[in-house]
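In what follows, every chain begins at residue 1, and chains take the letters A, B, ... in the order their sequences are listed.
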Amino acid sequence: MIALADCNNFYASCERVFNPMVRSKPVVVLSNNDGCVIARSNEAKALGIQMGAPAFKHRHIFEKHGVEIFSTNFALYGDFSSRVMSILAESAPQIEIYSIDEAFMDYSGLPDPVEHAQNVRCRVKQWTGIPVSIGLAETKTLAKVANRIAKKEIESNIFHLYCPYDIKDYLKKLPVSKLWGVGRHYTRKLELYGIRTAHELTQRSDSWIQKHMSVVGLKMVKELRGVPCFDLETIWQRKQSICTSRTFGEEVQHFSQLAQALSTYAAMCGTKLRKQGSCAGIITIFILTNPFKHQYRNNYKGIRTIRLITPTNDSLEIVSASIAALRSIYRSDCIYKKAGIIASEIVPQSQVQLSFIDDIRDIKKRQHLMQAEEAVNDRYGKMKVRFAVNGYERKWQLKQERLSSCYTTQMSELLRVRA
DNA sequence: TCTGGGGTCCTAGGACCC
DNA sequence: TCTGGGGTCCTAGGACCC
């Protein structure tokens with residue numbers, strides 16, 4: 001059994017612990033430069049303040065209702081997070097810290113998981129002051145659903161979603177857009193196909209889902225049907241990429257201003273790399289104009305990736321590489337609003353390509369290929385099988401006899417070797 | 001006037017090698 | 001000279017998460 005603990009209105013709750021005066025007032029936390037809303041207390045939500053909304057749009061609400069406004073204090077939130085996580089970690093043999101305010105836990109084999117969750121919730125609240133909601137279910141995706149219910153509908157903030165009948169009932173009420181793994185693009189796409197609720201999505205065939213939402217979407221739907229596809233990731237892993245970027249308080253135009261900002265970000269990136277004990281083999285620099293400002297006809301996004309000859313985490317080296325990259329994307333006729341750097345380790349690609357001479361009109365053969373592809377994907381998860389399609393008819397006719405046995409042999413060969 | 005920062009994974013195509 | 005089979009590596013973009 002999986003439990004998902006999620007802190008309620010996390011940043012807002014942290015501010016409240018530190019400022020008892022604002023406990024009964026609506027609270028919002030604003031992003032860098034006080035740009036947009038990134039956390040809201042329940043009272044603020046009730047006033048209709050939207051997540052991610054630019055702060056200026058809500059100024060009148062803030063004033064009218066005496067909303068308490070905070071700028072982000074990530075050091076404070078990080079500190080609260082680690083305290084909460086260590087309490088949660090004591091409650092379960094396995095824990096996956098999913099984000100600053102969320103963790104999945106293995107609650108298998110407990111006689112009364114709901115009571116256990118209640119005790120844990122109590123302890124976190126008492127020792128840190130942070131309220132958490134806990135959802136319990138058989139898969140991570142269902143635990144997400146359960147958590148949503150716990151937070152919105154259950155006074156105790158604990159909910160166990162287990163009875164198949166209940167699951168179906170709740171999924172019928174849940175809009176697809178609220179699912180973990182369905183964002184606004186998939187929502188629109190699914191609606192075009194007449195799919196509005198999570199339950200309707202689970203009724204589609206596996207091949208349909210994979211075709212329209214890739215293997216990730218398919219795994220998510222299988223989890224909704226109660227089949228675990230995402231394991232608990234309990235081992236800490238180094239980040240594959242580290243990003244430092246900022247929106248400027250004021251727009252900048254000169255190269256020197258960008259260079260100065262990027263030097264700072266590059267140095268910060270180096271610090272982060274050293275902290276996690278890794279080196280960057282690749283760095284990517286980007287500069288952006290303001291996409292919300294339409295008077296710039298030449299809305300510009302400059303991006304450049306360079307491969308370092310020797311991977312490094314030395315700030316000076318990263319800074320000088322960044323400035324060199326900046327030179328190649330800088331345009332003097334633009335006014336910039338944001339810049340950043342992404343440092344990545346070189347990740348070995350787990351791709352396998354199989355090439356075939358194929359005729360896309362032969363439906364039966366394509367079905368065979370898809371089955372084979374599915375088998376490989378199932379088994380290796382990340383690995384990818386590619387079929388190079390060549391509709392050149394003459395070739396196809398010449399080779400037709402050999403093909404069917406050809407790909408099955410290759411596939412079994414591949415499976416054997418990789419196993 | 002004013003719109004965040006930091007991540008992950010998958011798809012698809014192309015260049016190039018023997 | 002052309003075709004085939006088996007590969008690697010890279011780039012760009014799209015989708016999602018908190």
Establish, with yes or no, whether the OP1 or OP2 oxygen of B/dG6 is under 4.0 angstrom from a side-chain nitrogen or oxygen of A/Lys338. no
Distance, rounded to the nearest Å, where A/Asp34 contributes CG and B/dG5 contributes P: 12 Å
Is there a donor-acceptor pair closer than 3.5 Å between any side-chain N or O of A/Lys337 and the backbone N or O of A/Phe248? yes
Classify the nucleic acid contact of A/Leu179 as base, sugar-phosphate or nothing, counting any heavy atom under 4.0 Å across all strands shown. sugar-phosphate
Determine the contact category for A/Tyr98: base if any of its heavy atoms lies under 4.0 Å from a base atom, sugar-phosphate if only primed atoms, P, OP1 or OP2 are that close, otherwise nothing. sugar-phosphate
With a 4.0 Å cut-off on heavy atoms, is A/Lys144 in touch with a base, just the backbone sugar-phosphate, or nothing at all? sugar-phosphate
To the nearest angstrom, how far is A/Trp180 atom CH2 from B/dG7 atom P? 19 Å
Which part of the nucleic acid, if any, lies within reach of A/Arg246 when heavy atoms closer than 4.0 Å are counted: base, sugar-phosphate only, or nothing? sugar-phosphate
Interface with DNA chain B, restricted to residues 320-328 of chain A and to heavy atoms under 4.0 Å: none
Going by atom types alone, do A/Thr234 and A/Glu96 pair a side-chain donor with an acceptor below 3.5 Å? no
Expected output: side-chain A/Ser91 to main-chain A/Leu88 donor-acceptor under 3.5 Å: yes
Of the listed nucleotides C/dC16, B/dG6, B/dG4, the one nearest the side chain of A/Cys243: B/dG6
Over its full length, what angle do the end axes of the helix from B/dG5-C/dC18 to B/dC18-C/dG5 make, each axis taken from five pairs and the result rounded to 10 degrees? 10°
Would you check, one step at a time, whether the test ring-ring contact (aromatic ring centres under 6.0 Å, His included) holds for A/Phe70 with A/Phe18? CA-CA 12 Å; A/Phe70 292 88; A/Phe18 246 60; over 10 Å; no
Classify A/Lys272 by what it touches in the nucleic acid, base, sugar-phosphate, or nothing, heavy-atom distance under 4.0 Å. sugar-phosphate
So which pairs with a foot in residues 178-192 of chain A pass salt bridge (charged side-chain N to carboxylate O under 4.0 Å, His left out), sequence neighbours left out? none
Picking from C/dC16, B/dT8, B/dT3, the nucleotide nearest the side-chain atoms of A/Cys36 would be B/dT3
Euclidean distance, atom CD of residue A/Glu233 to atom P of B/dC9 [Å, nearest integer]: 8 Å
Using a 4.0 Å heavy-atom cut-off across all strands, classify A/Arg188 as base, sugar-phosphate, or nothing. nothing
Distance check: side-chain N/O of A/His185 vs OP1/OP2 of C/dG14, anything under 4.0 Å? no
Over-ring placement of A/Arg59 relative to A/Phe56, 6.0 Å and 45° cut-offs: no
Distance flag, aromatic centroids of A/Phe104 and A/Trp180, threshold under 6.0 Å: yes
Please check the phosphate of B/dG5 (OP1 and OP2 only) for any side-chain N or O of A/Thr247 closer than 4.0 Å. yes
From CD of A/Gln240 across to C1' of B/dG7 the rounded distance in Å is 10 Å
Whole angstroms only, please: what is the CG-C1' distance between A/Leu30 and B/dG4? 10 Å
Categorize A/Lys211 for me: base, sugar-phosphate, or nothing, with a 4.0 angstrom heavy-atom threshold over every strand shown. nothing
Rounded to the Å, how far apart are A/Gln210 CD and B/dA12 P? 10 Å
Any donor and acceptor pair, going by atom type alone, linking the side chain of A/Asn313 with main-chain N or O of A/Arg274 inside 3.5 Å? no
Counting the atoms with a prime plus P, OP1 and OP2 as sugar-phosphate, which does A/Lys57 contact under 4.0 Å by heavy atoms, base, sugar-phosphate, or nothing? nothing
Atom P, compared across B/dT3 and C/dC18: separation rounded to whole Å: 25 Å
Relative to the ring of A/Tyr77, is the ring of A/Tyr11 parallel (under 30°), tilted (30 to 60°) or perpendicular (over 60°)? parallel
C/dC18 P sits how many Å from A/Asn9 CG, rounded? 14 Å
Using distance alone, with no hydrogens and no angle criterion, decide if A/Tyr193 and A/His212 have a side-chain donor and acceptor under 3.5 Å apart. yes
Looking only at side-chain N and O atoms, does A/Ser245 come under 4.0 Å of OP1 or OP2 in B/dG6? yes
Below 4.0 angstrom from OP1 or OP2 of C/dC10, is there any side-chain N or O of A/Arg307? yes
In this structure, how many angstroms lie between the C1' atom of B/dT1 and the CD atom of A/Glu250, rounded? 11 Å
With A/Arg331 as the cation and A/Tyr300 as the aromatic partner, state whether NZ or CZ is under 6.0 Å from the six-membered ring centre and within 45° of the axis. yes
Would you mind classifying the nucleic acid contact of A/Phe10 as base, sugar-phosphate or nothing, using non-hydrogen atoms under 4.0 angstrom? nothing
Looking for any heavy atom pair under 4.0 Å, which part of the strands does A/Thr72 touch: base, sugar-phosphate only, or nothing? nothing
Mind checking A/Ile242 for me? I need base, sugar-phosphate or nothing, with any heavy atom below 4.0 Å counting as a touch. sugar-phosphate
With the side chain defined as heavy atoms from C-beta on, A/Val215 is closest, among B/dT3, B/dC10, C/dA15, to B/dC10
